[in-house]
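Notes follow once the structure below has been shown.
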Amino acid sequence: MKLIYLILFLIISANAHSFTLNNTSTLVFGQNEVKVNVHQSTVALDRCTNIGIDESELLSIVGDAVDQYWNRSPTSRLKLRMGSVVTSSTAFATGLICLTGTSCDPTPALAVSSDVLITCNKNAGNYSGSGVLAVTVPNNVSGKTIVGSLIMINDQANNTFKTKSRDEKISIIAHELGHTFGLGHSPVKDSLMYYSTVNMRSALGSDDIDGISYLYPKQQPVTCGSVDMNGSKNNPNTWLGLLFGFLVIALINYQLRYLKLRPRF
Amino acid sequence: MKKNKYLIVLLGILLVLFTPEKSRAYDATLSVGNLCEYVGKIQVDENGGTNFCEFNPYFASSIDYSVSPEFLIAPEFGFSIPKSARDENISKMSLFILANAKYKLTNFHLIVGLGLFFTRISGSGGTEDLNNGNSTSSFPLPDSSVFTRNFILNLGAGLDFTREWSADLHTYIFNLTSSEDRAYSIAINGTYHFGEF
């Protein structure tokens, strides 16, 4: 009986998981691939000047963030792709992400037309303190679909983003990307979506994989993002072809042997 | 994608055609084991350590059809016990169906198979107050159930101790053709063979 209690205890207590969403409407991107672009202001003074890296390096960090974290989730269909540095007006670098006097109604002028945009921003009104590394809002929403999301990196002179190592910057960007596609914070330190940085981050936590899979469940082999059993002209599916061929040949071979049949040709 | 369905139907037809009626022997099995999910893929502490295996019991059952003395076809169904979340608002469980083929050697067998692996993630809704910057915010919890579905390759091997008992090790390979999100889960189980029925 003690053994049964012990097993029950282990079942109940082990494997805790917890993730949250960043809105009550369970907003998600409509597409399976989302590009992440980096904004560069047309005004030189409003570009990334205080975070220790320029826009090109920031884009490189974005590439590492999506490859090292979110795109590795085995049960999610969402893939984030490194976009490009896009040059546009200075509003993204100086404006407020939320309208003043609201809990956070997105500023219409900063609505991102599609996918994800990351910008350096120096407006102190966006950050409750220098310790806040970045703020993120899906700020272009249609019904329950996210059309575009905006990440503002704290580029004030006293920001702490610049003091972080490259690996930490990668995990910070990856964390903010989690907010762009619908995830909230996690109470678990192991998770990328924990509210604060930790000593060392190397991979997604269980919560992160559960969270992205809840919002963007992979549906193989029927829908997009599935294993392509057919392959394509440029990407033939050698593995599955070989496996299927092996199974058929093995089956025929053993049947012929067992029935003592020989082919007539 | 229609070709996928044709492929599966074709495989089924081939299995039936090449399985002579008199050679079919049945063995029902029941397995209990542990499923180690996404080995090396999940961070488990704040120092960057990744997972190997955590306690995640599962049950499985299969019916083995003997195609020849060495070769078995073994469709299998299994599920893991639902895991209660830390805040008891989120739970998760796994289900799988596999079309396995087994090649028997002396006291030893090799396993290869294809199948579908389902992960159920569900929540009861509500909110959770968590740190957010320099203050606290209420974050919504998931309020419905979602199934993810992965097409998997199963490679494994087993030891036959007696006619009734064996032990298997399975490797479930997710996203075989994609280096980006390929993952491995390992299942270790003990199996009881009920024999022909």
Side-chain angles (χ1 to χ4, degrees), chain A residues 10-12 14-24 71-76 128-129 131-132 184-185 187-190 195-196 198-206 209-210 213-214 217-222 226-230 237 239-240 243-244 247-248 251-252 254-255 257-259, chain B residues 1 3-4 7 11 14-15 18 20 23 38 41-48 50 54-57 67-71 81 83-87 89-90 92 101 112 114 116 119 121 128 130-135 139-142 146-151 153 174-177 180-183:
Chain A
L10 286 170
I11 289 169
I12 292 164
N15 300 313
H17 297 273
S18 173
F19 64 90
T20 64
L21 310 174
N22 69 359
N23 56 78
T24 51
N71 289 348
R72 294 194 174 204
S73 168
T75 47
S76 159
S128 52
V132 176
H185 281 160
V188 186
K189 271 191 173 180
D190 311 342
Y195 79 97
S196 178
V198 297
N199 292 342
M200 198 175 162
R201 181 74 65 195
S202 63
L204 293 175
S206 279
I209 293 175
D210 292 348
S213 302
Y214 178 82
K218 188 169 271 188
Q219 299 291 320
Q220 290 175 337
V222 184
S226 65
V227 167
D228 177 10
M229 290 184 74
N230 310 310
N237 199 325
W239 280 96
L240 284 173
L243 178 72
F244 181 69
L247 280 174
V248 171
L251 199 61
I252 292 170
Y254 283 110
Q255 285 309 300
R257 261 179 51 189
Y258 182 71
L259 295 172
Chain B
M1 282 303 146
K3 284 185 181 176
N4 290 351
L7 207 60
L11 187 59
L14 281 170
L15 289 176
F18 286 94
S23 74
Y38 316 134
K41 194 111 182 165
I42 299 171
Q43 180 152 348
V44 291
D45 60 44
E46 54 187 293
N47 297 315
T50 53
E54 61 179 14
F55 185 68
N56 185 20
V67 179
S68 75
E70 305 92 3
F71 193 66
I81 293 172
K83 292 182 267 191
S84 181
R86 189 167 294 174
D87 56 12
N89 286 312
I90 297 166
K92 188 179 166 187
V112 61
L114 294 170
L116 293 172
T119 305
I121 303 162
E128 190 163 355
L130 296 169
N131 285 319
N132 188 20
N134 293 332
S135 60
F139 289 91
L141 288 156
V146 167
F147 278 92
T148 68
R149 187 177 66 232
N150 282 80
F151 190 70
L153 170 67
F174 294 69
N175 309 315
L176 178 70
T177 58
E180 198 171 38
D181 55 1
R182 188 178 302 135

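Per chain, numbering begins at 1; letters A, B, ... match sequence-line order.
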**Complete:** K92(B) and D210(A) have their tightest heavy-atom pair at NZ-OD1, 2.8 Å
**Message:** To check you understand the geometry: which heavy-atom pair defines the closest contact between S73(A) and D181(B), and what is its length?
**Reply:** O-CB, 3.6 Å
**Note, P217(A) side chain near T119(B) side chain (heavy atom, < 4.5 Å)** = no
**Complete:** Of the listed S213(A), S76(A), S196(A), G131(A), the one with the largest count of heavy-atom pairs under 4.5 Å with chain B is S213(A)
**Request:** Ignoring hydrogens and angles, tell me if any N or O in the side chain of Q43(B) forms a donor-acceptor pair with the backbone of A203(A) under 3.5 Å.
**Result:** yes
**Selection from I42(B), L130(B), N131(B), T50(B) maximising heavy-atom pairs under 4.5 Å formed with chain A** = N131(B)
**Asked** Closest heavy-atom contact between H185(A) and N132(B)?
**Response** CE1-OD1, 3.2 Å
**Asked** What closest approach, in Å, do G48(B) and S202(A) show between heavy atoms, and which atom pair accounts for it?
**Response** O-OG, 2.8 Å
**Message:** Test of understanding: with ring-ring contact (aromatic ring centres under 6.0 Å, His included), list the residues that count as partners of F174(B), not counting sequence neighbours.
**Reply:** Y38(B), F117(B)
**Request:** Indicate yes or no for a side-chain donor-acceptor contact from N71(A) to the backbone of E180(B) under 3.5 Å, with no hydrogens or angles considered.
**Result:** no
**Request:** Hey, could you give me the CG/CE distance between D45(B) and M200(A), rounded to the nearest 0.5 Å?
**Result:** 10.0 Å
**Request:** Work out which heavy atom in P187(A) is nearest to a heavy atom in E128(B); give both atom names and the distance.
**Result:** CG-OE2, 3.6 Å
**Item:** Exercise: identify the closest heavy-atom pair between N199(A) and N47(B)
**Value:** ND2-OD1, 3.2 Å
**Request:** Could you grab the distance from atom CZ of R182(B) to atom CZ of R72(A), nearest 0.5 Å is fine?
**Result:** 11.5 Å
**Asked** Counting N and O atoms only, with roles assigned by atom type, does the side chain of Q220(A) sit under 3.5 Å from a partner on the main chain of T148(B), one being a donor and the other an acceptor?
**Response** no
